[in-house]
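In what follows, every chain begins at residue 1, and chains take the letters A, B, ... in the order their sequences are listed. These numbers come from the heavy atoms of this one structure, side chains and all, not from hydrogens, waters or symmetry mates. Since we're looking at a predicted model, the values are computed, not measured.
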2 protein chains.
Amino acid sequence: MVKIEDVAREAGVSVATVSRVLNESCGVLPETQEKVRLAVERLHYEPNLSARNLRKNESRIILILAPNFSNPYYSNVLSGICDVSRNLGYSTLIYNTYDSNALDEKLVTSLFQKNRADGMITLAVNRDDYWLAQYAEKYPLVQCSEYVEEAAVPHISVDNRLAAKESVQHLIVQGHRRIAIVTSTNRYLSSTNRLRGYLDALEEAGISRDDSLIAYASADYSFASGKQAAKDLLSLPEAPSAIFCVSDILALGAIASAGKMGLQVPWDLSVTGFDDVDYTTMFHPYLTTVAVPCYELGRRSMLLLYDHITQKPGAEREVYLPHQIILRETTAPQARTDA
Amino acid sequence: MVKIEDVAREAGVSVATVSRVLNESCGVLPETQEKVRLAVERLHYEPNLSARNLRKNESRIILILAPNFSNPYYSNVLSGICDVSRNLGYSTLIYNTYDSNALDEKLVTSLFQKNRADGMITLAVNRDDYWLAQYAEKYPLVQCSEYVEEAAVPHISVDNRLAAKESVQHLIVQGHRRIAIVTSTNRYLSSTNRLRGYLDALEEAGISRDDSLIAYASADYSFASGKQAAKDLLSLPEAPSAIFCVSDILALGAIASAGKMGLQVPWDLSVTGFDDVDYTTMFHPYLTTVAVPCYELGRRSMLLLYDHITQKPGAEREVYLPHQIILRETTAPQARTDA
DNA sequence: GATGCACATGTAATGGATTACATGCCGTTT
DNA sequence: AAACGGCATGTAATCCATTACATGTGCATC
């Protein structure tokens, strides 16, 4: 394996000079730089990262805590993170948390130290994981998508509350008054904020809150639980004419449920989803939903984390990316049969 | 940061002894081992991986070449790889190849050297990437799912040819005679082998090959291209009564196409998929398909790679995991209207 | 009792890059 | 002309764990 010493000999300079050319490049004569660069090329020299990392006291490893990345939402985020981290010269160590409830400070700290990661990105912390705050004082950390509201830890997300509100407002504009929500029993801030946005929209429109219209699906947004929640809602004496679901899969479940009960979406029931994952346009009716820029969230998380690792002055602590309401085929004006 | 010297002092032994306890553990008295272990615990010592890797001349990094891991197939494989590699103490550097055609030996070698990976797992090489053979002589490599048939490079996969044959045989048993296949223009061996299996089944049943029943979807198995391919097939003067699709998404596309043309699956048309990804049971009719153990493929890839990295004697070069034909709702006996 | 060997442990070299500090040269100032 | 300063470059210390080799102890053998 060719090392820096070989390059130095080949170029007729010292190792320090080679290193300087490879790193800072300042204070080295242009012609010397050129000599070094040629030698590097001739010998196909690649610096040994272990040695560099040892000396610089960094690992160039980023720890990513992700629950179940078969979920297209997370896999898109992951794509974004990986693409950027590769460009910045970081390896990503993906730790599959499966059930995010299993996370605690001890586990994370030990993971961190064992792998000597330079920083960490979480994809799904619970809104009450307060221990993150203390953790973040010691190590660079960025929370992506989900975050702890009360802790001043860097995070990047969309404005879930506003997006939910806009989505429900769309239903209201279409004449719906009995609007249900299928949220989840998980402890994600996004679920909470989407519920808040739903309530905001109702309140602003002067529609009084009806708790029987708030249904809870399982923590993992499973299709089956979406189906069940929708079934419960549609079995109500006064069934809703529209259902706002906090995830696309739940919405698909809701549509399946409606079909089973003889209701046609969107004519008999409007349904909206959240996230805009791939399969929202795989079956008719195509799902009306809120597009969340997953890939971009991933990209920006890594960029933000990098800013914090390198202690860039003025690195942001709160970033919100724009969402987009995508109107497709699962919402229609309320048929005025109940009026 | 506490280092080995601190532990040695704390335990009242030399650094060599500490290192021995941490690594080999042989030739050290049990009571000395205990002393060291206690000191490690007291000081929360974690060895510096850069230093260790530098000395041992390894990186504990595995390079994974994956195209588009939003595809649930790949994300499941990835899950498997990541879980195992974490346990073995490896970081995974996931390189998103997007379009696997862009891969060549130069890129891979440079990726490898730059990251000083200890080994590599490919998830989607083309069947004609012959350069892999030379590459594999220099570096530990395992091909997962897709591989180069002619090269004696370690690979792990399912028996795609047999699985396809069995799947088509199921259709034949149900009375179908005009059976079409939707394969892909990509250069994956799996596509080729699934086509071969399809032909095997026909031949064995004495059904003569009809090239007009072989349709090609796009390289990325997109839903839209599955739709289009099925549409072409169903527009044939003598339309097929069953379509074997080489991926689930293509099958879903085919079902969508059939619906659009007024055909009911499975009564008017049988459809089968391949892979058994999540959303095969998200909509009725649930898809009849071939279950491929993606997660297990990932797991075993990493284990196999580890065997090769550690030069375990007798490490396998060819592994085939069992598949399973899953009969659900998209296949039915041929209605004998054409007899 | 001297020699040799096995065994537990210690000492110091090693891996490859970075970087603080040292050196030497040249031009400027007084 | 002496002194100084800036600049390009070199020398050597450093990061921390591993491990070849050295040391020392105790036991068995002749």
**OP:** Please list, by residue number, the residues of residues 45-60 of chain B whose heavy atoms come closer than 4.0 Å to an atom of DNA chain C; answer none if no residue qualifies.
**Re:** B:Ala51, B:Leu54, B:Arg55
**OP:** Round to the nearest Å and state the distance from B:Leu29 atom CG to C:dA6 atom P.
**Re:** 17 Å
Original post:
Could you give the NZ-to-P distance, from B:Lys3 to D:dT18, as a whole number of Å?
Top reply: 14 Å
**OP:** Give one of base, sugar-phosphate or nothing for A:Val15, where a contact means two heavy atoms less than 4.0 Å apart.
**Re:** base
Subject >> Beyond-backbone contact of A:Val2 with A:His44, side-chain heavy atoms, under 4.5 angstrom >> reply: no
Original post:
Roughly, in whole Å, what's the span from CD in B:Glu5 to C1' in D:dC15?
Top reply: 12 Å
Subject >> Within-4.5 Å side-chain heavy-atom neighbours: A:Tyr147 and A:Leu132 >> reply: no
**OP:** Measure from CE on A:Met1 to P on C:dG15 and round the result to the nearest Å.
**Re:** 15 Å
Subject >> Terminal helix-axis angle for the helix from C:dG1-D:dC30 to C:dT30-D:dA1, with five pairs defining each axis and rounding to 10 degrees >> reply: 60°
Subject >> ring pair (Phe, Tyr, Trp, His ring centres under 6.0 Å) involving A:Tyr95 - partner list, sequence neighbours excluded >> reply: none
**OP:** Answer with base, sugar-phosphate or nothing: what part of the nucleic acid does A:Thr17 contact at a heavy-atom distance below 4.0 Å?
**Re:** sugar-phosphate
**OP:** Could you work out which one of D:dT9, D:dT18, C:dA17 sits closest to the side chain of A:Ile4?
**Re:** C:dA17
Subject >> Residue pair A:Asp118 / A:Tyr139, side-chain donor-acceptor N/O under 3.5 Å >> reply: no
Original post:
For the side chain of B:Ser19, counting heavy atoms from C-beta on, which of C:dA20, D:dT19, C:dT9 is nearest?
Top reply: D:dT19
Original post:
With distance as the sole criterion, is a donor-acceptor pair present between the side chains of B:Tyr73 and B:Ser145 under 3.5 Å?
Top reply: yes
Original post:
Is it true that the side chains of B:Tyr90 and B:Ser59 contain a donor and an acceptor less than 3.5 Å apart?
Top reply: no
Original post:
For B:Glu31 and C:dC7, what is the distance between atoms CD and P respectively, to the nearest whole Å?
Top reply: 16 Å
Original post:
Quick one: B:Arg20 CZ to D:dC16 P, roughly how many Å, whole number?
Top reply: 21 Å
Original post:
Can you tell me if A:Ser190 and A:Glu146 form a side-chain donor-acceptor pair at under 3.5 Å?
Top reply: yes
**OP:** For the pair A:Arg9 and A:Asp6, find out whether any cationic side-chain nitrogen is under 4.0 Å from an anionic carboxylate oxygen.
**Re:** yes
Original post:
Atom CG of B:Asn23 and atom P of D:dA20: how far apart are they, to the nearest Å?
Top reply: 12 Å
**OP:** Starting at CG of B:Asp104, measure out to CG of B:Asp129 and round the result to the nearest 0.5 Å.
**Re:** 9.0 Å
